[in-house]
Amino acid sequence: MSKRKLPNEKNSDEKKAKTTHWSLGLLETIKDPKNLIQEDSYTYVIADKFPKAKYHYLVISKQEISSISKVTINNLDLLRHMEKVAKKIVQDVQSKEEEKYNFKIGYHAQPSMARLHLHVISDDMNSACLKTKKHWNSFTTNFFIPSENIIESLEKNKTIQLPSDQQCKNLLMKDLICNKCIYVPKHLGDLKKHILEHLKK
Ligand code: AMP
Ligand code: ZN
């Protein structure tokens, strides 16, 4: 990524969000250096506080972009850099771990937390923090948009098209299905037991 000085873009959405405190949780977390796994000129990396899989990290933009919906062609270098950071994290984990986990790197179509952040998450989806259908669907349906797709879209079309509000609602409320086979559970509890079988393989 080029070493240009980041513009001091005071994003009005982030300012607005100051009235809804919980949505600023990531910004609170990055204030404490103990929470930073790593940092460079453009990003912070933290562990997700409520991980939805064995490994779940967030690459957070230092530039004050509130959300993926505010990203433009001008942010292409930043997004490429965030993806590079994410891929390096995956490499590091995979080189240290005996069990090999597959990872997904992407953005939620409608993030709940302020400041642009990229999820880096192993695909086991085995976590006590994964408690709802929405949690499951937010990482296993098209609500989760691979970083590569966002970058490709900006490169080809100079813009990104995110799912509509209604499409997002539908994706989050979709019937549950295993992310690794065709198993259709009745309840999330059944699915949480079922995914343990995939870990044994
Ligand atoms: P998103 O839906 O893309 O906005 O995801 C936000 C992520 O931030 C979720 O995976 C949460 O588990 C995680 N999270 C929420 N609050 C905090 C916090 N205070 N520190 C770190 N991660 C958090
Ligand atoms: Zn399965």
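As the structure lists them, so they are numbered: ligands from 1, and atoms in each ligand from 1.
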Between N157 and T159, is there a donor-acceptor pair closer than 3.5 Å when you use the side chain of the first and the backbone of the second?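 No; zero donor-acceptor contacts below 3.5 Å.
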May I ask whether L58 places a heavy atom under 4.0 Å from ligand 1? yes
Under a heavy-atom criterion of less than 4.0 Å, does H56 contact ligand 1? yes
Enumerated ligand 1 atoms positioned under 4.0 Å from heavy atoms of [X]:
X	value
H117	1 (P), 3 (O), 4 (O), 5 (O), 6 (C)
I46	21 (C)
T29	18 (C), 19 (N), 20 (N), 21 (C)
S112	1 (P), 2 (O), 4 (O)
H119	1 (P), 3 (O), 5 (O), 7 (C), 10 (O)

Evaluate the side-chain proximity of M82 to S61: yes if any heavy-atom separation is below 4.5 Å, no if none is.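 They are in contact (side-chain heavy atoms under 4.5 Å apart), so the answer is yes.
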From the candidates K49, H135, M113, K134, the one that places a heavy atom nearest atom 15 (C) of ligand 1: M113
Filtering L26, D48, I60 for the heavy atom nearest atom 12 (O) of ligand 1 leaves D48
Region of E28 engaging ligand 1 - heavy atom pairs below 4.0 Å: neither
Is there a side chain to side chain contact (heavy atoms under 4.5 Å, CB included) between K70 and L116 once you walk through the steps? CA-CA 9 Å; K70 297 289 185 283; L116 179 67; over 6 Å; no
Regarding Y183 and E197, do their side chains bring together a donor and an acceptor under 3.5 Å, going by distance alone?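 On atom types as modelled, these side chains do not qualify, holding no pair under 3.5 Å.
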Start with the C-alpha gap between K88 and D92, add the side-chain angles, then the distance that decides, and say whether salt bridge (charged side-chain N to carboxylate O under 4.0 Å, His left out) holds. CA-CA 6 Å; K88 178 73 171 60; D92 288 349; 3.0 Å; yes
Minimum heavy-atom distance A86-I105, with the two atoms named: CB-CG2, 3.7 Å
Show the nearest heavy-atom pair for residues H108 and P111, with the distance to one decimal.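 H108 and P111 have their closest heavy atoms at O-CD, 3.4 Å.
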Please lay out, stage by stage, how K31 and E28 fare under the test salt bridge (charged side-chain N to carboxylate O under 4.0 Å, His left out). CA-CA 5 Å; K31 276 186 196 161; E28 287 299 313; 2.9 Å; yes
What's the SG-the Zn ion (ligand 2)-NE2 angle here (C178, H198), rounded to 10 degrees?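 Between SG of C178 and NE2 of H198, at the Zn ion (ligand 2), the angle is about 100°.
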Opening angle at the Zn ion (ligand 2) [NE2, H194; SG, C181; to 10 degrees]: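 Centred on the Zn ion (ligand 2), the NE2/SG angle is 100° (to 10°).
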Looking only at protein heavy atoms, which one is nearest to atom 2 (O) of ligand 1, and how far off is it? H108 ND1, 2.9 Å
Among T72, L78, L79, side-chain contact (heavy atoms from CB on, under 4.5 Å) partner for I65: L78
